[in-house]
Amino acid sequence: MIATRSGGPLEDVLRGAGVEYFILGRRHGFSPRKFRRAHRLLRDVDLIHAHKLGSNIWGALLSRTSSVPLVACEPTFSGIRSRVRTFGYRWWIAPVARRIICPSPIVAESLYDDGVPRELVEVIPNGVRLDAALPRHDARAELGLDPDAFVVGIVALLRDEKAHEVLFQAAAQLRDGGRDLTVCVVGDGPRRAALVETAATLGLDGRVRWAGERREAKRLAAAFDVGVICSDFEGLPVAALELLAAGVPMVSTAVGTMPTILSEGAGFTVPVRDHAALAKAILRFIEDPELAARAGARARDIIRHQYGFDEMVKAYERFYERVLA
């Protein structure tokens, strides 16, 4: 495993599994020294699997110079075309990659629009485990949440496109309507200070629990009464799948694959950046616990039959065998 930029919480997972890994520590731009190191590390490998645009560009360069076959993976699309992305995939990555994997048909369509040949793209949905979450009481205890509170949870990096402020605005609207709830924010990132200020400005002091980055956030999913994705764009977010696997009903912006998943009864979708619609959807679950229970049960069924972890692993194994053959 080669991390081209920096390490993170998964280092402990890799060490525990006995997986050898290396951190290049690259910054913006090209580093000949780091490239040479990566090249040396690839001497004995049979296949390069690169992930996301920046690493896919590196993977294409390494594949060209080492003759090791490349599989690229693009997990998402912002909805905004860029010359860098289009040039990268059409002219640099696609000509050398054996295949480009993405988790949903929507991301696949974005690659076609970038000029990637259809026969080069393969969709393998993300998958998660059904048994990863702690019981509700234990998860709430670990997060320091009131056992009896109505908790709305969001698991995401604190970045612009995740639009946490929209959830805060929805929570303030529900509070003004006499509804008592807690927002639990799992994750960290560059917008932490700005979002803390936003929550304070909206008068949400004491109603937001900042849980920080959690290496095993999936263990805590059952702590929430409702899960929220309020992003401006997504592909097939693993955080959403982990919430659904724990039987948590969801409200999501209509982005990526979320409308398809939630149309089957596991929750509701709302327009992007519409805090009033988000508040209204959350309120439906607050006012109707039976609806929430049905949606939670349906959520687990959807994961069990369509987004299981073992099925994803088998799909990747079959895929690698085909590419290497």
Side-chain angles (χ1 to χ4, degrees), residues 125-156 167 170-171 173-175 177-186 207-209 211 214 216-231 234 236-270 275-309:
N126 294 328
V128 296
R129 300 185 187 278
L130 271 171
D131 58 353
L134 293 172
R136 174 187 171 95
H137 179 272
D138 295 343
R140 288 206 168 189
E142 188 165 323
L143 288 168
L145 295 168
D146 184 337
D148 301 318
F150 189 94
V151 179
V152 177
I154 180 169
V155 182
L167 175 55
Q173 180 174 319
L174 289 166
R175 176 208 58 207
R179 301 296 179 172
D180 189 22
L181 77 160
T182 297
V183 176
C184 182
V185 179
V186 179
R207 294 176 183 266
V208 178
R209 170 75 175 97
R214 303 286 177 133
E216 292 287 331
K218 59 190 174 185
R219 296 172 59 254
L220 307 173
F224 310 138
D225 293 287
V226 175
V228 166
I229 296 284
C230 47
S231 305
E234 292 284 357
L236 177 56
V238 173
L241 298 182
E242 290 172 345
L243 289 166
L244 294 167
V248 177
M250 291 204 66
V251 179
S252 171
T253 42
V255 293
T257 313
M258 294 309 297
T260 301
I261 296 174
L262 298 186
S263 69
E264 299 184 41
F268 306 113
T269 57
V270 298
H275 74 272
L278 179 59
K280 184 177 180 180
I282 294 171
L283 182 60
R284 291 184 65 179
F285 286 128
I286 294 175
E287 292 183 332
D288 193 342
E290 291 185 2
L291 172 65
R294 290 195 302 272
R298 182 66 187 126
R300 284 182 60 82
D301 285 342
I302 291 168
I303 298 301
R304 181 181 292 108
H305 294 114
Q306 300 180 42
Y307 300 100
F309 182 83

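As a basis for the values below, the full set of heavy atoms in this structure was taken, side chains included, without hydrogen atoms, waters or symmetry mates. Being a predicted model, the structure only gives us computed values, none of them experimental.
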Indicate yes or no: at least one non-hydrogen side-chain atom of Val228 is less than 4.5 angstrom from one of Ser252.
->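 Side chain of Val228 against side chain of Ser252, heavy atoms only: no contact under 4.5 Å found.
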
Do any N or O atoms from the side chain of [X] and from the backbone of [Y] form a donor-acceptor pair under 3.5 angstrom?
X: Arg300; Y: Gly247; value: no
X: Arg175; Y: Asp180; value: no
X: Asn126; Y: Val238; value: no
X: Arg298; Y: Glu264; value: yes
X: Arg209; Y: Leu143; value: yes

Residue from Val185, Val251, Ile282, Leu278 passing side-chain contact (heavy atoms from CB on, under 4.5 Å) with Val152 |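 Of all the options given, the one that passes is Ile282.
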
CZ/Arg284: more than 12 non-hydrogen atoms of other groups inside 6.0 Å |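 Count not over threshold, so no.
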
If you look at every heavy atom in [X] and [Y], which pair is closest and at what distance?
X: Val248; Y: Gly227; value: CG1-N, 3.4 Å
X: Val186; Y: Ala211; value: CG2-CB, 3.9 Å
X: Leu244; Y: Ile261; value: CD1-CG2, 3.7 Å
X: Ala277; Y: Val270; value: O-CG1, 3.6 Å
X: Gly267; Y: Ala295; value: N-CB, 4.4 Å
X: Ala222; Y: Leu134; value: CB-O, 3.4 Å

Pairwise distance [atom1]([X]) to [atom2]([Y]) - rounded to 0.5 angstrom:
X: Ile303; Y: Leu130; atom1: CD1; atom2: CG; value: 7.0 Å
X: Ile154; Y: Cys230; atom1: CD1; atom2: SG; value: 3.5 Å
X: Phe224; Y: Leu243; atom1: CZ; atom2: CG; value: 6.5 Å
X: Thr253; Y: Leu167; atom1: OG1; atom2: CG; value: 11.0 Å

How would you list, by chain and number, every residue that makes a side chain to side chain donor-acceptor pair (under 3.5 Å) with Ser231, sequence neighbours excluded?
->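 Testing Ser231 for side chain to side chain donor-acceptor pair (under 3.5 Å), a comparison that skips the adjacent residues, returns Glu234.
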
Could you walk me through whether Glu287 and Arg179 pass the side-chain contact (heavy atoms from CB on, under 4.5 Å) check?
-> CA-CA 10 Å; Glu287 292 183 332; Arg179 301 296 179 172; 2.7 Å; yes

In sequence, state the C-alpha distance, the side-chain angles, and the governing distance for Arg214 and Glu142, and then conclude on side-chain contact (heavy atoms from CB on, under 4.5 Å).
-> CA-CA 11 Å; Arg214 303 286 177 133; Glu142 188 165 323; 4.0 Å; yes

Start with the C-alpha gap between Thr182 and Phe150, add the side-chain angles, then the distance that decides, and say whether side-chain contact (heavy atoms from CB on, under 4.5 Å) holds.
-> CA-CA 6 Å; Thr182 297; Phe150 189 94; over 6 Å; no

Assess the pair Phe285 and Phe268: is the distance between their ring centroids shorter than 6.0 Å?
->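 Centroid separation for Phe285 and Phe268: below 6.0 Å.
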
Could you tell me whether Asp225 and Arg140 have a side-chain N and a carboxylate O separated by less than 4.0 Å?
->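 Yes, Asp225 and Arg140 are salt-bridged.
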
Salt-bridge criterion met for Arg129 and Glu242 (N-O under 4.0 Å) =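 Salt bridge between Arg129 and Glu242, a charged N being under 4.0 Å from a carboxylate O: no.
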
Let me see the working for Leu181 and Val151 under side-chain contact (heavy atoms from CB on, under 4.5 Å), right down to the final yes or no.
-> CA-CA 6 Å; Leu181 77 160; Val151 179; over 6 Å; no

